[in-house]
Amino acid sequence: MELDFAGRLLDMSRCHVMGVLNVTPDSFSDGGRFNQLDIAFAKARQMVADGAAFIDVGGESTRPGAASVSVQEELDRVCPVVEVISRELDVIVSVDTSTPEVMSQAAKLGVGLINDVRALQREGALVAAAKARVPVCIMHIQGEPETMQERPEYRNVLREVGEFLAGRVRAAAQAGIATNNIILDPGFGFGKNLEHNLRLLAALEQLHALGHPVLVGMSRKSMLGQITGRDVDERLSASLAAATISAMKGASIIRVHDVRETIDAVKVATAVKGVV
Ligand code: 9MG
């Protein structure tokens with residue numbers, strides 16, 4: 001089960017780690033775009049040295065209540081970073097965006113994966129992703145990031161997430177995206193309360209029934225804070241537990257802030273899976 005990420009082939013039957021690289025103003029302590037580019041590149045280089053197979057570059061915060069960003073601002077934040085990482089580092093660059101213009105521009109700069117938390121629902125996103133001719137990650141979300149955590153509701157979260165993703169796979173296929181280029185993500189924390197997230201994680205292997213590799217992201221998320229009572233910068237152990245469970249349940253890509261530590265956790269899970 002190999003996928004071609006803009007010329008880099010990866011076996012999706014194995015578990016890979018994706019490092020998070022946010023290029024939003026709140027992720028840099030000092031000003032100046034050149035300085036920010038240097039900092040972003042240094043972070044990416046460290047994550048690659050630590051074993052990341054992907055670097056996920058995002059210029060729009062999807063945290064509940066985060067301010068929206070103009071297309072031009074998102075392009076200005078993301079493109080220089082995508083360009084320098086694609087040129088200088090041996091890694092698959094993923095672009096975390098819902099904006100068609102950013103998808104198209106990033107594809108020209110060498111991006112190997114489009115990661116859209118809005119499941120290609122913005123006008124023009126399906127067409128832009130199809131033209132990019134790289135794999136896409138389609139994530140489940142209920143509502144919009146600004147308001148999604150206000151009162152998420154499901155009758156059966158597993159079934160509804162599965163139906164939503166299957167519907168978006170159909171829409172993607174109709175737009176010309178090759179179905180074997182689609183990765184699915186249940187979208188932990190995106191319009192879900194703790195019980196919804198736990199039900200999805202407990203049944204993660206069932207998502208494979210849709211026939212696509214699975215990506216998950218739980219690193220440092222509030223679901224882990226709710227379970228442990230810990231602040232965001234104290235959630236490493238909980239994030240590693242979530243990563244280990246996901247790897248055991250067959251996730252192909254785990255999106256994290258702490259690459260080095262997660263690589264070790266994934267190695268343990270992979271070793272155990274190898275003997276059962
Ligand atoms: C950008 N982003 C933040 N959380 C994420 C998650 O859980 N999955 C994916 N695919 N992207 C995410």
Side-chain angles (χ1 to χ4, degrees), residues 3 5 12 15-24 26-27 47 52-66 68-69 74 77-78 81-82 92-99 102-103 106 111-122 125 129 134-146 148-149 152 157 161 164-165 168-169 172 181-194 196-198 200-201 204 207 212-225 232 235 238-239 242-243 245-247 249 251-258 262:
L3 270 190
F5 297 92
M12 290 288 102
C15 185
H16 306 276
V17 171
M18 168 185 273
V20 175
L21 186 61
N22 290 324
V23 288
T24 52
D26 56 345
S27 42
M47 289 195 280
F54 298 84
I55 301 293
D56 191 36
V57 182
E60 184 199 22
S61 175
T62 48
R63 261 180 251 141
S68 62
V69 62
E74 195 184 344
R77 289 179 189 175
V78 165
V81 180
V82 165
I92 298 163
V93 184
S94 160
V95 64
D96 155 22
T97 188
S98 302
T99 310
V102 176
M103 293 175 190
V111 111
L113 172 68
I114 292 171
N115 174 29
D116 185 2
V117 301
R118 294 182 181 81
L120 305 175
Q121 292 182 103
R122 270 200 185 150
V134 292
V136 296
C137 176
I138 292 181
M139 197 197 78
H140 175 271
I141 183 169
Q142 186 182 80
E144 273 289 315
E146 297 75 39
M148 65 192 176
Q149 289 307 99
V157 66
V161 167
F164 171 93
L165 291 174
R168 295 311 298 158
V169 169
N181 254 354
I182 297 176
I183 296 168
L184 297 180
D185 183 336
F188 290 103
F190 283 83
K192 288 150 194 109
N193 64 26
L194 179 58
H196 301 141
N197 288 317
L198 291 176
L200 284 168
L201 181 55
L204 192 66
L207 212 57
H212 298 269
V214 171
L215 185 156
V216 298
M218 281 173 279
S219 176
R220 301 185 187 173
K221 282 193 180 170
S222 67
M223 62 180 280
L224 304 176
V232 64
R235 295 180 190 157
S239 301
I245 296 167
S246 306
K249 287 175 175 285
S252 299
I253 305 172
I254 304 185
R255 183 182 183 277
V256 300
H257 300 84
D258 303 288
T262 309

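Order of appearance sets the numbers: ligands from 1, and atoms from 1 within every ligand.
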Decide whether E74 and T97 meet the rule of one side-chain donor and one side-chain acceptor closer than 3.5 Å.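 Yes, side-chain donor-acceptor contact under 3.5 Å.
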If you count only heavy atoms, which residues are under 4.0 Å from ligand 1?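 Under the 4.0 Å cut-off, ligand 1 touches D96, N115, V117, C137, M139, D185, F190, L215, G217, K221, R255.
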Note, [X] side chain near [Y] side chain (heavy atom, < 4.5 Å):
X: R168; Y: Q121; value: yes
X: I254; Y: V216; value: yes
X: L113; Y: I183; value: yes
X: M103; Y: L120; value: yes

Does D116 pair with R122 as a salt bridge, N-O distance under 4.0 Å?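 Answer for the salt bridge query: no.
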